[in-house]
Amino acid sequence: MAGELKQFTALLLFGNIENLILAAQGVAYSVNPLGLAILSLIAVVFWLLIGTFGTKIAMKYARYINFIGGLAIFILGLQAMLQSIPGMLSFF
């Protein structure tokens, strides 16, 4: 597994959006940089573990996840269209 992840080392360390948000908040509140770095690395490892093992578990349910996701997008799109009807009618 380590060999497979070697190519993503830079992305893992520098490309994590949660890290950027955490760092920006830390600067805004004058947090200890060493403590912030340790918390950032813990967050990266935590998300790596969730992504690795969560994906393996979720693969069994991929068909259901795709269906539910598509249904949710359809329902939200329908809801957005229905909510825009009053605004469209008042335009005329």
Side-chain angles (χ1 to χ4, degrees):
M1 184 168 129
E4 296 171 354
L5 297 177
K6 188 176 181 180
Q7 61 184 345
F8 298 111
T9 303
L11 179 64
L12 183 67
L13 293 176
F14 302 111
N16 193 318
I17 190 68
E18 288 83 8
N19 258 350
L20 296 173
I21 293 170
L22 184 62
Q25 290 176 340
V27 169
Y29 290 106
S30 302
V31 175
N32 178 2
L34 182 60
L36 185 61
I38 292 170
L39 289 174
S40 295
L41 288 174
I42 290 171
V44 168
V45 171
F46 180 70
W47 282 116
L48 174 66
L49 292 174
I50 287 177
T52 301
F53 298 113
T55 300
K56 288 181 182 178
I57 293 169
M59 288 304 289
K60 291 186 268 185
Y61 306 104
R63 298 176 115 199
Y64 303 110
I65 292 169
N66 282 337
F67 175 76
I68 292 170
L71 182 62
I73 290 170
F74 176 76
I75 291 171
L76 290 172
L78 189 62
Q79 179 186 8
M81 287 189 291
L82 290 175
Q83 288 176 349
S84 68
I85 289 175
M88 290 171 40
L89 294 176
S90 67
F91 181 72
F92 295 113

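- Legend: residues meeting side-chain contact (heavy atoms from CB on, under 4.5 Å) with L82, ordered by chain and number and at least two apart, are L78, I85.
- Clustering of Ile, Leu, Val, Met, Phe, Trp and Tyr by side-chain heavy atoms under 4.5 Å joins I73 with none of the others.
- No side-chain donor-acceptor contact under 3.5 Å links T52 to the backbone of L49.
- Under the side-chain contact (heavy atoms from CB on, under 4.5 Å) criterion, L71 pairs with F67, I75, sequence neighbours left out.
- Membership of an apolar cluster is not assigned to L76, as no side-chain contact below 4.5 Å to another ILVMFWY residue is traced.
- With sequence neighbours left out, the side-chain contact (heavy atoms from CB on, under 4.5 Å) criterion links I65 to A58, Y61.
- I50 meets the side-chain contact (heavy atoms from CB on, under 4.5 Å) test with F46, W47; sequence neighbours excluded.
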